[in-house]
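Here the structure is laid out as structure tokens; the discussion comes afterwards.
Whatever order the structure lists ligands and atoms in, that order sets their numbers, starting from 1.
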Amino acid sequence: MSASLIGKRIVLGVTGSIAAYKAVALLRLLVQAGAEVQVVLTESASRFIAPLTFEVLSGHPVVQDLFAGHQDMKHLSVTEQADLLLVTPCTANTLAKLALGLADNLLGTVALTIQCPLIICPAMDGEMWEHPTVQGHVTGLRGRGVMILEPETGALASGQWGKGRLPDEAVIFEEVCNVLVKGRDLQHERLLISAGPTQEPLDPIRFLSNGSTGKMGYALAEAAIARGAEVVLVSGPTQLKVPRGVSLFPVQTAEDMLRALTAHFHWATTLIMTAAVGDFRPKQALSQKLKKEQWDGAALQLERTPDILLALSAQRTHQRMIGFAAETDHLLEHGQAKLAQKHLDMLVVNQIGGNQSAFGNNTNEVHVLTPHNPPRFMPRQTKRQLAGKILDCMLDLPPVHLAQPTVLHKSHTG
Ligand code: CTP
């Protein structure tokens with residue numbers, strides 16, 4: 001958390017959610033990093049946290065009321081030269097206002113006058129977040145280039161469990177730094193990312209697979225897009241939403257994944273293999289469902305799938321190659337061996353198995369291995385935070401001689 005925000009002007013909009021207290025902690029981080037912060041409270045936000053708290057921490061009077069008897073055009077003076085408007089926590093009500101351009105309070109008016117980037121961090125009940133109206137507003141705002149930091153899943157103020165929690169202040173702070181400090185430092189990068197599990201069919205309804213959810217690869221794709229990269233995501237089956245701006249190529253088997261990655265390999269400046277590729281597949285995939293009565297007790301015959309990283313490292317011209325190792329034990333020893341065997345520039349080693357397993361969790365801790373430096377440990381944090389740091393490590397790798405950009409064949413764009 002050492003990023004400097006000296007010289008950056010941030011307008012922090014706070015709305016009436018129980019999570020408003022997290023905006024206080026965030027304000028402290030922003031001010032400590034050197035930012036000038038002007039807080040705009042909605043009327044209902046001031047029922048959760050007194051304006052005085054924000055005034056003391058920011059060192060500036062809080063602005064709240066569109067009609068309070070001030071001589072200047074307050075919404076214009078607040079936004080003058082702002083580098084960022086950050087609305088956190090953002091209720092469903094304010095989200096709707098921002099999506100529709102309603103200007104019946106100071107925050108809505110400010111949002112219509114700013115020229116700078118807008119980050120919105122929604123916080124609400126899970127059912128509200130999933131509501132098609134709210135999701136429609138989210139899509140509309142994203143379509144206009146607004147950054148929406150997805151709420152997290154966990155215990156909500158209502159006592160329910162669901163998606164709607166405001167991420168911790170450290171996560172939001174990092175997003176702010178990505179926008180204000182790192183900016184678009186990946187704008188010349190073309191990232192080819194694989195994610196999720198593969199499925200190796202036994203018959204039309206059964207397959208061999210693993211517990212990967214794809215979260216790490218999708219988090220990397222999202223973080224890279226936010227920093228200006230072009231991203232092609234080749235993904236096995238997952239339940240995840242494709243980050244906006246990412247070109248998705250869905251695949252099922254290891255063989256499909258190899259084909260899709262090979263097709264984009266020459267376009268890419270970096271290949272990041274987060275996919276949990278199945279190492280074995282049934283020797284014969286049956287074309288019809290295997291009925292119980294037909295099974296004679298014979299053991300399942302398996303064969304090896306292609307090693308995608310190995311196959312692609314043989315075709316490498318200019319690409320950085322980054323792998324992710326899944327290990328249950330001897331993480332560093334196994335990791336070092338894979339780094340060398342697969343001719344990688346970097347290998348991120350995860351622990352799998354146990355209740356802190358990398359699979360399915362929203363958080364993870366990893367070791368980052370490179371051929372010429374000592375291993376770097378990254379302690380437990382959200383996969384979105386890790387994604388940012390892994391991309392930083394990628395930029396520290398030796399320079400890449402870029403090939404001529406080729407036209408990207410678009411598939412589904414999220
Ligand atoms: N990988 C790959 N092709 C495979 C298997 C794995 O390209 N058939 C990639 C993974 O995407 C990952 C890296 O290799 O980036 C390491 O994967 P991991 O499953 O940890 O190692 P394996 O090579 O499969 O070795 P083992 O399962 O024996 O540990």
Exercise. At a 4.0 angstrom heavy-atom cut-off, what protein residues surround ligand 1?
Worked result: M273, A275, V277, D279, T305, P306, D307, I308, L309, G323, F324, A325, A326, K338, K342

Problem set entry | Result of checking M273, K338, H343 against L309 for side chain to side chain contact (heavy atoms under 4.5 Å, CB included) |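 Exactly one option meets the side chain to side chain contact (heavy atoms under 4.5 Å, CB included) with L309, and it is M273.
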
Problem set entry | Distance, nearest 0.5 Å, that separates NE2 of H334 from CD of Q341 | 10.0 Å

Exercise. Distance from L30 atom CG to L26 atom CG, nearest 0.5 Å?
Worked result: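 Reported to 0.5 Å precision, the distance equals 4.5 Å.
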
Problem set entry | S235 and Y218: side chain donor to acceptor below 3.5 Å |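 Judged by distance alone, the side chains do pair up.
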
For this session: Indicate whether any N or O donor in one side chain lies under 3.5 Å from an N or O acceptor in the other, for T269 and E189.
Result: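 The criterion, which ignores hydrogens and geometry beyond distance, is satisfied for E189 and T269.
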
Seminar exercise, completed: All heavy atoms of R227 vs all of G388, minimum pair found to be NH1-O, 3.2 Å

